Amino acid sequence: MKDDLLNHFNIQGFQENLIAWYQANKRNLPWRENQDPYRVWVSEIMLQQTKVDTVIPYFQRFMEKFPDVYRLASADEQDVLKAWEGLGYYSRARNLQSAVREVVSEYDGKIPDNKEALGKLKGIGPYTKGAILSIAFQQPEPAVDGNVMRVLSRVLHITDNIAEAKVKKQFEPIVTKMISKEDPSSFNQGLMELGAMVCTPKSPLCLFCPVQEYCRAFLKGDQENLPIKSKAKKPKKVAYIALLLKQGKEKIIIEKRKEQGLLANLWQFPMIPSKGKTVHEAEEWFEAKYGWAIQIGKHAGKLKHVFTHLIWELEIYEADVLYAPKKSKLKSVNIHELSQYPFPVSHQKMMKYLH
DNA sequence: AATCCGGGGAC
DNA sequence: GTCCCAGGATT
């Protein structure tokens, strides 16, 4: 990327227009009620790859349940995951709690206000570090997210592929040069708010843009073609037989997922990799893996669930327990107790087939 | 540098 | 269907 991007750029004029627009037009959001570093932190984690409107109710409930670092640090991880249920990227919740526990044990419960300590906490990367330092502590640190890259690639007419890590990193020194020393919080949030409300991915509202006069892409009529971003590859399909496995009339069998990887530590109905398997082979696979003898019965429906890099194709079957070992990975619970466990959305959809 | 990690909403 | 969202961790 060229290093003379800002040579003939009116940084002060850009700052003034952006901050004035932000102050006049910013949305009333729950995490903007004050600058409590804990609230800023939680909101920034929830907002990773997640829209504002999705986050709002989760943030409200999370703050009622875990109002400060001590309440979150001492909580049961399953309760934290339950509060995160449906929000996705569940490692965010587990990393957040792990980092909060470190803040309690190593920093006397006070969230660090320097980038060295903050950046070492689990789940806090370059963006979140800069967001907390600028918003909660008024430090002129860059916070480069997707909005900021889109806005600045247009304003400065940057044509590098923003999907590349090295290109992303190059936005940080640029923001460091552009950021307001007087109000870094409003500057960073202003860039993001502008990206969300005006400088949108498609059909940006340039006629209402407070920094239109500074925008090189608008000058060239190029705003619709920026930023440049290579496409992600398509997710792979994986087929499963998913079981509504009953034990008697009231009990249903569920299973806790592994500690690592996809949907870690969430609960699910038992799933059998079904590629090339007959129903009978699925029963045998299940007995070999769990030691439970089962009988698969009626086909109850099918579900397709799309992840970022994966597609689950679930064939849902009712099934009955013929024999259960005394000790098992599987758990037998009353149907009315299912709501106490954190389930991924795909398996919440499965619950509709229960009767 | 590439891959993994959710879910939803706008179009 | 496509895109992408206040990204980070792992390999």
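Numbers restart at 1 for each chain; the letters A, B, ... are given by sequence-line order, proteins then strands. Just so you know, these numbers come straight off a predicted model, no measurement behind them.
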Centroid-centroid distance, A:Tyr22 to A:Phe187, less than 6.0 Å: no
Tell me: CG of A:Leu262 to C1' of B:dG7, nearest whole Å? 12 Å
Gap between atom CD of A:Glu313 and atom CG of A:Leu303 - 0.5 Å precision: 11.0 Å
Can a side chain N or O of A:His309 be found less than 4.0 Å away from OP1 or OP2 on B:dC5? yes
A:Arg94 atom CZ is separated from C:dA9 atom C1', nearest whole Å, by 12 Å
Does NZ or CZ of A:Arg216 lie under 6.0 Å from the centre of the six-membered ring of A:Phe218, at an angle within 45° of the ring axis? no
With a 4.0 Å cut-off on heavy atoms, is A:Val52 in touch with a base, just the backbone sugar-phosphate, or nothing at all? base
Can you figure out which of B:dG7, C:dC5, B:dC5 approaches the side chain of A:Pro201 most closely? C:dC5
Phosphate OP1/OP2 of C:dC3 contacted by A:Lys231 side-chain N/O (<4.0 Å): yes
If each of A:Ala165 and A:Lys349 is mapped to the nucleotide of DNA chain B with the nearest heavy atom, which maps nearer the 5' terminus, i.e. the 5' end? A:Ala165
Give A:Ser91 one of three labels, base, sugar-phosphate or nothing, depending on what nucleic acid heavy atoms sit under 4.0 Å from its own. nothing
Determine: side-chain N/O of A:His305 to OP1/OP2 of B:dG7, distance under 4.0 Å, yes or no. yes
Looking at B:dG7, C:dC4, C:dA6, which one has an atom nearest to any side-chain atom of A:Phe307? B:dG7
Rounded to the nearest angstrom, tell me the gap between atom CD in A:Glu193 and atom C1' in C:dC5. 14 Å
note: A:Phe343, atom CZ; B:dG7, atom P; distance rounded to Å ~ 13 Å
Determine whether a donor-acceptor pair (one donor, one acceptor, N or O, separation below 3.5 Å) exists between the side chain of A:Thr50 and the base of B:dG6. yes
Do the side-chain N or O atoms of A:Gln48 get closer than 4.0 angstrom to the phosphate oxygens (OP1, OP2) of C:dA6? no
Heavy atoms only, 4.0 Å cut-off, all strands: where does A:Ile45 land among base, sugar-phosphate and nothing? nothing
Should A:Glu102 and A:Lys122 count as an ion pair when the cut-off is N to O under 4.0 Å? no
Tell me which nucleotide among C:dA6, B:dG6, B:dG8 gets nearest to the side chain of A:Arg32. C:dA6
Could you tell me whether A:Trp84 contacts a base, only the sugar-phosphate backbone, or nothing, with contacts defined as non-hydrogen atoms closer than 4.0 Å? nothing
Between C:dA9 and B:dG8, how many Å separate the two C1' atoms, rounded to a whole number? 23 Å
Want to settle it: does A:Gly119 or A:Ala131 sit nearer the 5' end of DNA chain C, counting the closest nucleotide to each? A:Ala131
Between C:dC3 atom P and A:Lys234 atom NZ, what is the distance in whole Å? 9 Å
If I take atom CG from residue A:Leu314 and atom CZ from residue A:Phe269, how far apart are they, to the nearest 0.5 angstrom? 11.5 Å
Tell whether A:Thr308 reaches the base of B:dG6 with its side chain through a donor-acceptor pair below 3.5 angstrom. yes
So, OP1 or OP2 of C:dA9: does either fall under 4.0 Å of a side-chain N or O from A:Arg92? no
Among C:dC5, B:dG8, B:dG6, the one nearest any side-chain atom of A:Tyr90 is B:dG6
Quickly work out the A:Glu164 CD to B:dT3 C1' distance and round it to whole Å. 16 Å
What is the nucleic acid contact for A:Gly195, judged by heavy atoms within less than 4.0 Å: base, sugar-phosphate only, or nothing? nothing
If you take atom types as modelled and just measure distance, does the side chain of A:Tyr89 reach the base of B:dG6 with a donor-acceptor pair under 3.5 Å? yes
Side-chain heavy-atom pair A:Val42, A:Leu96 within 4.5 angstrom cut-off: yes
Over all strands shown, is A:Leu263 touching base, sugar-phosphate only, or nothing at heavy-atom distances under 4.0 angstrom? sugar-phosphate
Under a 3.5 Å cutoff, is there a donor and acceptor pairing between the side chains of A:Asp36 and A:Asn34? no
Counting only side-chain nitrogens and oxygens, does A:Thr128 get under 4.0 Å of the OP1 or OP2 atom of C:dG8? yes
According to a strict under-4.0 Å criterion, is A:Lys233 in side-chain N/O contact with OP1 or OP2 of B:dT3? yes
